[in-house]
Number of protein chains: 2
Amino acid sequence: MPSADRRLQPRRKPRQVRAELTRERILASAAHIFAEHGYAAGTTNHIAEHARVSIGSLYQYFPNKDAILAALLVRHIDRGTWMQADELDMSPGSLETAVRAMVRDAIDNHSDDPRLLRIMVEEAKFSQELLDTIDRHGKIRVGQVRDLLSRHPDVTVADVGVAAELIQFTIEMNTHKLMAAPRTIAVETFETELVTMVTRYLRGP
Amino acid sequence: MPSADRRLQPRRKPRQVRAELTRERILASAAHIFAEHGYAAGTTNHIAEHARVSIGSLYQYFPNKDAILAALLVRHIDRGTWMQADELDMSPGSLETAVRAMVRDAIDNHSDDPRLLRIMVEEAKFSQELLDTIDRHGKIRVGQVRDLLSRHPDVTVADVGVAAELIQFTIEMNTHKLMAAPRTIAVETFETELVTMVTRYLRGP
DNA sequence: CACTATTGTGAGCAATAATTCAACTCTCTG
DNA sequence: CAGAGAGTTGAATTATTGCTCACAATAGTG
C-alpha cells in the first residue's frame with residue numbers, strides 16, 4: 001500500500017468505444033462490490049476480476065483506488081436523483097396513494113445506490129466541496145418529501161421537516177432489509193403494513 | 001491478511017485473573033481504536049500496542065482479527081437483549097408508555113459508541129455462528145415485542161407478528177441513524193416523533 | 001497492407017498487515 | 001520451593017494489496 005504523493009490524473013483517457021466500455025465495466029463492478037462488501041473489501045484486484053478486465057487496465061483509467069470511488073460519486077451527482085422528484089410531483093391523489101408510491105419507488109429502486117452513497121460519504125476522504133454536494137443531495141430528497149407533506153391537507157404532523165426525514169429513512173431502511181434478508185414475509189404484506197404505518201402517522205388520530 | 005481455513009477457536013481460554021484482564025484490555029482497546037480510526041486502520045499490532053500487550057497474547061485469546069470485532073458485537077447484542085427484556089416486562093402502562101420505553105432503550109443502547117456500532121454493522125464478516133447468534137437474539141427481541149403487543153388491549157393491528165418485526169426494526173434503525181450521523185434534530189424531538197409514529201400505527205385510526 | 005496509436009495483459013514489486021512459535025516469565029499447588 | 005501448567009513475548013514468517021511496467025493484441029488510417 002504505497003501512500004506517497006499519488007497521481008491525480010489517469011494515465012490514459014478512453015478514445016475508442018472499446019476503452020469506454022472497459023472503463024464502464026470497471027465502474028459498474030466497483031459500485032457493485034463496494035455496495036455489497038464495503039470499501040475495504042473491494043480490492044482493486046477484486047474489482048478488475050469482477051469486471052473481467054486485467055488489473056493493469058484498471059490502472060490505465062483510474063490513478064488509484066480512491067479515484068474509482070470519486071468517479072462513482074461524480075457520476076451519481078451528474079445523473080441527479082430526480083426519479084423521486086418525478087414520482088412525487090405528479091401524485092395528487094390520497095395520502096395513502098402518495099405514500100404507497102414512495103414505498104413502491106423504494107422497492108423498485110432499491111439498487112446499490114443508497115448503500116453505495118453511504119459508503120462514499122463515510123469511507124472516502126473527499127474534499128469539503130464534494131462532501132457538501134452529497135449532503136445537499138440528501139437534503140434535496142428529504143425536501144421533496146417535505147414539500148409533498150406540507151402540500152397535502154390530510155397531514156397533521158407537528159413538524160413537517162422532521163416527519164419527512166423520519167419517513168424517508170424508515171421507508172428506505174425497511175425496504176433495504178426486506179430485499180437483503182431472507183424473505184420472512186411476503187412483499188405485499190410488507191408493503192401494506194409499511195404504508196399503513198406511515199399513513200397513520202401522517203394522518204394522525 | 002490470510003484468508004485460508006482460519007481457526008475458529010482461540011488457542012487458550014483465560015484461567016487466571018491475569019489472563020481475563022488481558023483479554024479485557026484487548027477488547028477495550030479494540031473498541032476504542034475501531035471507533036476512533038475505523039476497522040481497517042485498527043491493525044492487530046495497533047490494538048495490542050494500545051492494550052500494552054504483546055501481539056502474541058492477542059492471538060492467544062482471539063483466533064483472528066475478525067473474532068475481536070465479533071466478540072464486541074456479541075457482547076453488545078447480549079447487553080441489548082437483556083436490557084430490553086427488563087424494560088418490557090415491567091411496562092404495563094399505556095401503549096405510548098411502552099413504545100416510549102422501547103425507543104429510550106434503543107437510544108441508550110446506542111449512546112455507548114455509535115461509531116463503533118456502525119463499524120460492527122458494516123464491516124464485520126459474519127461467520128455462520130455469529131449470524132446464528134444475531135438471528136437468535138433478533139427473534140427473541142421480536143418475540144418480546146410481539147408478546148407485549150398481543151397483551152395490550154389498544155393494539156388493533158392485523159398481524160401482531162408482522163407489526164412486531166416492523167416496529168422493532170424501524171426503531172432500531174432510526175435510532176442507529178440518529179446516533180451515527182451528525183445530529184440534525186434534537187434527540188427529544190426525534191424520540192417524540194418516533195414514538196408517535198409507532199403508537200399511531202399500532203392504535204389504528 | 002504496413003505502420004502507428006490505442007488498448008489490454010498479468011507477473012511481480014514494495015509496503016503493510018496478519019499470524020505463528022520457540023523461548024521466556026509468572027502463578028499455583030503439593 | 002520445585003515442577004507443571006498458564007500466561008507473555010516479539011522477531012520472523014506468511015498473506016494481502018495497491019500499484020507498475022514491459023510487452024502483446026487490437027483498431028484506425030493512408
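Computed from a predicted model, the values in this text were never measured in an experiment. Lettering follows sequence order; numbering is per chain, from 1.
Applying the ring pair (Phe, Tyr, Trp, His ring centres under 6.0 Å) test to every pair with at least one member in residues 15-39 of chain B, sequence neighbours left out, gives these pairs: B/His32-B/His50, B/Phe34-B/Tyr39. Note on residues 180-201 of chain A: no pairs pass ring pair (Phe, Tyr, Trp, His ring centres under 6.0 Å), not counting sequence neighbours.
Residues that satisfy the salt bridge (Lys or Arg N to Asp or Glu O under 4.0 Å) test with B/Arg75, not counting sequence neighbours, are B/Glu24. With sequence neighbours excluded, the residues forming a ring pair (Phe, Tyr, Trp, His ring centres under 6.0 Å) with B/His176 are B/His110, listed by chain and number. Take B/Arg136 and apply the side-chain hydrogen bond (donor to acceptor under 3.5 Å, both in side chains) test, not counting sequence neighbours, and it matches no residue. For B/Lys139, the salt bridge (Lys or Arg N to Asp or Glu O under 4.0 Å) partners are B/Asp135, not counting sequence neighbours. Residues satisfying the salt bridge (Lys or Arg N to Asp or Glu O under 4.0 Å) criterion with B/Arg23, sequence neighbours excluded, are absent altogether. A search for salt bridge (Lys or Arg N to Asp or Glu O under 4.0 Å) contacts involving B/Glu193 returns nothing, not counting sequence neighbours.
Listed by residue number, B/Ile55, B/Gly56, B/Tyr59 are the residues of residues 52-61 of chain B with a heavy-atom contact under 4.0 Å to DNA chain C. Residues of residues 23-51 of chain B that place a heavy atom closer than 4.0 Å to DNA chain C, in numerical order, are B/Thr43, B/Thr44, B/Asn45.
Atom CD in A/Glu20 sits roughly 21 Å away from atom P in D/dT26 (whole-Å rounding). Protein atom CG of A/Asp66 is 14 Å distant from nucleotide atom C1' of D/dT17, rounded to whole Å.
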I'd like a table of donor-acceptor pairs (distance under 3.5 Å, sequence neighbours excluded) in which one partner is a side-chain atom from residues 159-168 of chain B, with atom names and distances.
{"unit_1": "B/Asp159", "atom_1": "OD1", "unit_2": "B/Gly161", "atom_2": "N", "d": "2.8"}
{"unit_1": "B/Asp159", "atom_1": "OD1", "unit_2": "B/Val162", "atom_2": "N", "d": "3.2"}
{"unit_1": "B/Gln168", "atom_1": "OE1", "unit_2": "B/Gln84", "atom_2": "NE2", "d": "3.3"}
{"unit_1": "B/Gln168", "atom_1": "NE2", "unit_2": "B/Glu172", "atom_2": "OE1", "d": "3.4"}

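OP1 or OP2 of D/dT8 lies within a sub-4.0 Å distance of a side-chain N or O belonging to B/Thr22.
Side chains of B/Glu49 and B/Asn45: no donor on one and acceptor on the other come within 3.5 Å.
Evaluation of atom-type donor-acceptor distances gives no pair under 3.5 Å for the side chain of B/Arg15 against the base of D/dG5.
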Polar atom pairs (N or O), protein with nucleotides 25-30 of chain C, under 3.5 Å:
none

